[in-house]
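Structure, as structure tokens:
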Amino acid sequence: MTILAGLMMGMFLAALDQTIVSTAIRTIGDDLHGLSAQAWVTTAYLITSTIATPLYGKLSDIFGRRGFYLFAIVIFVIGSLACSFANSMYMLAAFRAIQGIGAGGLMSLALAIIGDILPPRERAKYQGYFLAVFATSSVLGPVIGGFFAEQGHILGLTGWRWVFLINVPIGIVAFLVVARTLHLEHTRQDHRIDYWGAVALTVGLVPLLTVAEQGRTWGWGSGKSIACFAIGILGLIAFVLAEAKMKDEALIPLRIFRHRAVTVTVVASVIIGMAMFGAMMMLPLYMQIVHNASPMKSGLMMLPLVAGMMTASITAGQLTARTGRVREFPIIGTAIVTVGMFLLHTISADTPLWQVMVSMAIVGIGLGNCMQALTLIVQNAVSPREIGMATSSATFFRQIGGTVGVAIFLSMLFSTVGGNIKTNLTDEAKTPAFQQALKSGLADKELMKDEHAYGILQSLANPKSGGGALNNVSEDSSVIARLPKAVAHPFEAGFAQSMDHVFLLASGIALLGFITLLFLPKIELRKQSAMAAAAAAAQDKSNAALAADGGAARRADAAADGGVDAGSTPADETHDDVSDAVAAAIARVEARKHGEQVDHSVARHASHDE
């Protein structure tokens with residue numbers, strides 16, 4: 001359907017932006033003379049997008065999704081356009097925060113809208129396509145970002161500015177498609193807005209997300225980090241108290257966690273988010289550092305992971321649509337991710353590239369079986385009126401898991417890489433190949449022009465002069481590719497060993513996710529979409545009101561005639577009431593049949609458009 005294309009373009013924008021900027025950020029920092037502030041560009045976007053996600057979900061349940069989805073696209077496009085004209089890193093961070101406000105609604109609302117118009121079994125098939133879009137953007141991001149970063153000027157603008165400008169035409173087309181084709185019937189619900197919950201969530205998440213991004217630089221035990229942890233924990237406690245007070249009108253109602261399916265799925269989403277985003281962060285680093293790939297080439301090397309995700313997500317969606325079974329897929333998926341991560345743990349600097357790619361494909365297959373199934377289970381577990389809240393909550397917790405996972409994995413990597421490099425240097429420095437390569441490098445006139453690389457060679461040749469140059473490798477790993485091969489090998493081996501530990505931890509986390517998902521109860525998917533269920537509920541309410549009015553009218557007439565009519569008895573009145581109830585039940589069945597017919601009609605149109 002045309003509407004699916006519009007929704008997919010919106011999701012593509014949000015997913016692409018998560019990876020395209022990270023590839024070009026070093027070039028951007030150099031051009032804006034603020035490389036030391038690059039982390040704030042990522043942090044600002046992460047904070048606003050994460051906080052906005054549950055807000056979009058709850059507000060769209062109350063006021064309708066169409067307006068909020070269009071608003072999210074507009075804000076994202078405005079933020080992208082502003083980013084392309086930033087003249088300092090701090091200005092870019094501020095505009096990235098605006099972008100994040102829009103991005104928070106693009107992904108979660110797209111999945112919620114699919115939940116509105118399709119029943120769960122059919123929904124699984126289309127959500128598989130959406131996950132395929134997410135996976136594809138994960139590869140295209142580094143490729144496109146690397147391409148623009150390498151260009152001096154395009155149409156009179158610095159190359160990196162097109163990293164943001166590319167969002168504008170895609171966003172405009174998505175807006176026009178959605179505005180023209182998306183028309184959802186919505187009855188506004190009379191709810192209070194959970195302002196205190198939103199404030200408390202902001203107070204809790206801003207410092208915690210900040211320290212997750214900056215903690216490695218500040219030091220996890222520094223005064224700044226401890227203050228962020230303390231404020232964040234107090235904010236989260238206040239958030240839980242606010243949600244308990246607001247009950248059903250809360251941003252994330254606590255009662256949904258009484259459903260075992262929701263609780264298990266949320267915990268699993270956090271765990272799988274840690275493994276997924278951790279893998280997506282570590283693998284490009286491995287390709288760039290160990291295999292000397294450019295950012296653009298490292299993105300292409302991620303194709304096996306993406307192919308695995310796309311194939312598995314589409315296959316799982318098709319099987320769910322045909323069989324109605326969904327519980328098994330995330331359980332199988334986490335088991336496969338555990339195996340794939342453990343295989344990645346065995347790689348080294350000398351592992352053939354094909355072997356690494358096979359392990360990546362296995363991880364991708366596992367993730368593809370998990371993501372859309374978990375979203376579907378949460379949507380199915382709550383009332384159709386709360387699909388927006390449920391979808392955004394699942395996305396929110398997955399983002400939190402990903403943020404925590406990346407912070408842990410990067411800290412683990414850079415806290416161990418220095419020691420591993422020193423150990424490998426000590427072992428290989430005595431070999432004739434290393435000594436010959438070092439001697440040749442010191443005599444290379446081209447290397448003499450490379451201050452950073454030549455400084456490392458001088459430090460290796462004369463360790464007593466100070467090893468300051470060696471410490472810079474962890475800050476700028478690109479220098480490794482410019483060293484003689486035999487000299488570069490211990491550096492590559494040191495990074496590979498540190499990444500091995502990270503992948504082993506990721507394997508353990510995925511195993512924990514597998515164990516968690518074993519507690520999922522039996523899942524029976526609903527046969528109605530949210531719109532059809534809402535129509536049936538409204539019909540039930542109308543029929544009940546009509547039945548009540550009819551019974552009251554007959555009793556009033558009987559009372560006016562002197563109590564009981566000569567031709568009627570109390571039993572007759574009871575019979576009339578039962579007849580009313582039967583009529584209401586028949587009406588409910590007809591309404592539900594009508595709803596299912598609508599669902600099947602939508603599905604047929606979707607299949608026809610495909």
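We count residues from 1, following the sequence as given.
- Of the possible polar contacts, one joining the S88 side chain to the M91 backbone as a donor-acceptor pair under 3.5 Å is found.
- Within the structure, side-chain hydrogen bond (donor to acceptor under 3.5 Å, both in side chains) pairs that include any residue of residues 266-284 do not occur (at least two apart or interchain).
- Heavy atoms only, all atoms of each residue included: S298 and P284 are closest at CB-O, 4.1 Å.
- With rounding to the nearest 0.5 Å, the separation of CD1 in I408 from OG1 in T403 is 11.0 Å.
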Would you be so kind as to tabulate the donor-acceptor pairs closer than 3.5 Å made by side chains of residues 275-283, with sequence neighbours excluded?
none

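- When all heavy atoms of T53 and G104 are compared, the closest pair comes out as OG1-O, 3.3 Å.
- If you take CZ on R66 and OG1 on T181, they are separated by 8.5 Å, rounding to the nearest 0.5 Å.
- Every residue two or more places apart in sequence or in another chain that forms a side-chain contact (heavy atoms from CB on, under 4.5 Å) with I331 is listed here: R327, F514, L517, L518.
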Mind listing the side-chain donor-acceptor pairs of residues 387-395 below 3.5 Å, one per line with the distance, residues two or more places apart or on another chain?
from	atom 1	to	atom 2	distance (Å)
T391	OG1	Q379	NE2	2.8
T391	OG1	I387	O	2.8
S392	OG	G388	O	3.0
S392	OG	M389	O	3.1
S393	OG	M389	O	2.7
T395	OG1	T391	O	3.0

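- Side-chain atoms of W162 come within 3.5 Å of backbone N or O of I154 as a donor-acceptor pair.
- A distance of 12.5 Å separates OG in S137 from CE in M8, rounded to the nearest 0.5 Å.
- To the nearest 0.5 Å, the span separating OG on S313 from CD1 on I365 amounts to 11.0 Å.
- Under the rule for a salt bridge (Lys or Arg N to Asp or Glu O under 4.0 Å), R180 has no partner lying at least two apart in sequence or in another chain.
- Contact annotation: the side chain of V404 never approaches that of V270 to less than 4.5 Å [non-hydrogen atoms, C-beta and beyond].
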What's the verdict on side-chain contact (heavy atoms from CB on, under 4.5 Å) for T320 and L525, showing C-alpha distance, side-chain angles and the deciding distance?
-> CA-CA 10 Å; T320 299; L525 295 179; 3.8 Å; yes
In a table with atom names and distances, give each donor-acceptor pair under 3.5 Å that connects a side chain of residues 194-205 to protein atoms at least two apart or in another chain.
from	atom 1	to	atom 2	distance (Å)
D194	OD1	G197	N	2.9
D194	OD2	L251	N	2.9
T202	OG1	A198	O	2.8

Could you walk me through whether Y69 and L7 pass side-chain contact (heavy atoms from CB on, under 4.5 Å), step by step?
-> CA-CA 9 Å; Y69 196 70; L7 296 175; 3.7 Å; yes
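- To the nearest 0.5 angstrom, L55 atom CG is 9.0 Å from I252 atom CD1.
- In this structure the side chain of L374 never reaches within 4.5 angstrom of the side chain of F397, judged on heavy atoms.
- Taking the six-membered ring where tryptophan is involved, the planes of F68 and Y56 are perpendicular, since the angle between them exceeds 60° and thus also 30°.
- Here the side chains of I28 and M89 are in contact, with some heavy-atom distance below 4.5 Å.
- The NE2 atom of H183 sits 12.0 Å away from atom CD1 of I117, with the distance rounded to the nearest 0.5 Å.
- Pairing each heavy atom of A212 with each of A407, the nearest pair is O-CB, 3.3 Å.
- Residues L92 and W40 are not in side-chain contact: their nearest non-hydrogen atoms beyond the backbone lie 4.5 Å or more apart.
- In this structure, A510 and V337 approach most closely via the heavy-atom pair CB-CG1, 3.7 Å.
- A heavy-atom distance below 4.5 Å is found between the side chains of M11 and L111.
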Going through the distances and angles, do L46 and T50 end up as a side-chain contact (heavy atoms from CB on, under 4.5 Å)?
-> CA-CA 6 Å; L46 179 68; T50 303; 3.9 Å; yes
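- With a 4.5 Å cut-off on side-chain heavy atoms, V266 and I256 do not count as touching.
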Report all side-chain donor-acceptor pairs from residues 74-84 shorter than 3.5 Å, counting only partners two or more places apart or in another chain.
from	atom 1	to	atom 2	distance (Å)
S80	OG	F76	O	2.9
S80	OG	Q99	NE2	2.8
S80	OG	N167	ND2	3.2
S84	OG	L81	O	2.6

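- Although no hydrogens or angles enter the test, the distance criterion places no donor-acceptor pair under 3.5 Å between the side chain of E243 and the main chain of A250.
- Residue pairs meeting the salt bridge (Lys or Arg N to Asp or Glu O under 4.0 Å) criterion with at least one partner in residues 390-407, sequence neighbours excluded, are absent.
- By the side-chain hydrogen bond (donor to acceptor under 3.5 Å, both in side chains) test, R255 is found to be paired with D248, E386, residues two or more places apart in sequence or in another chain being considered.
- Looking only at side-chain heavy atoms (C-beta outward), I73 and L106 come within less than 4.5 Å of each other.
- Smallest separation of non-hydrogen atoms from Y45 and A14: OH-O, 3.7 Å.
- Scanning for salt bridge (Lys or Arg N to Asp or Glu O under 4.0 Å) contacts around R96 gives D17, with sequence neighbours left out.
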Step-by-step side-chain contact (heavy atoms from CB on, under 4.5 Å) determination, Q372 to V326 | CA-CA 10 Å; Q372 60 96 7; V326 69; 6.0 Å; no
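- Between L376 and F329 there is no side-chain heavy-atom pair separated by less than 4.5 Å.
- In this structure, the salt bridge (Lys or Arg N to Asp or Glu O under 4.0 Å) partners of R325, at least two apart in sequence or on a different chain, are E328.
- Using modelled atom types, one side-chain atom of S383 and one backbone atom of R385 make a donor-acceptor pair closer than 3.5 Å.
- Checked options I20, L16, L300; the residue passing with L140 is L16 (criterion: side-chain contact (heavy atoms from CB on, under 4.5 Å)).
- Between T315 and T311, the closest heavy-atom pair is OG1-O, 2.7 Å.
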Kindly list each side-chain donor-acceptor pair under 3.5 angstrom involving residues 303-310, sequence neighbours excluded, with atom names and distances?
none

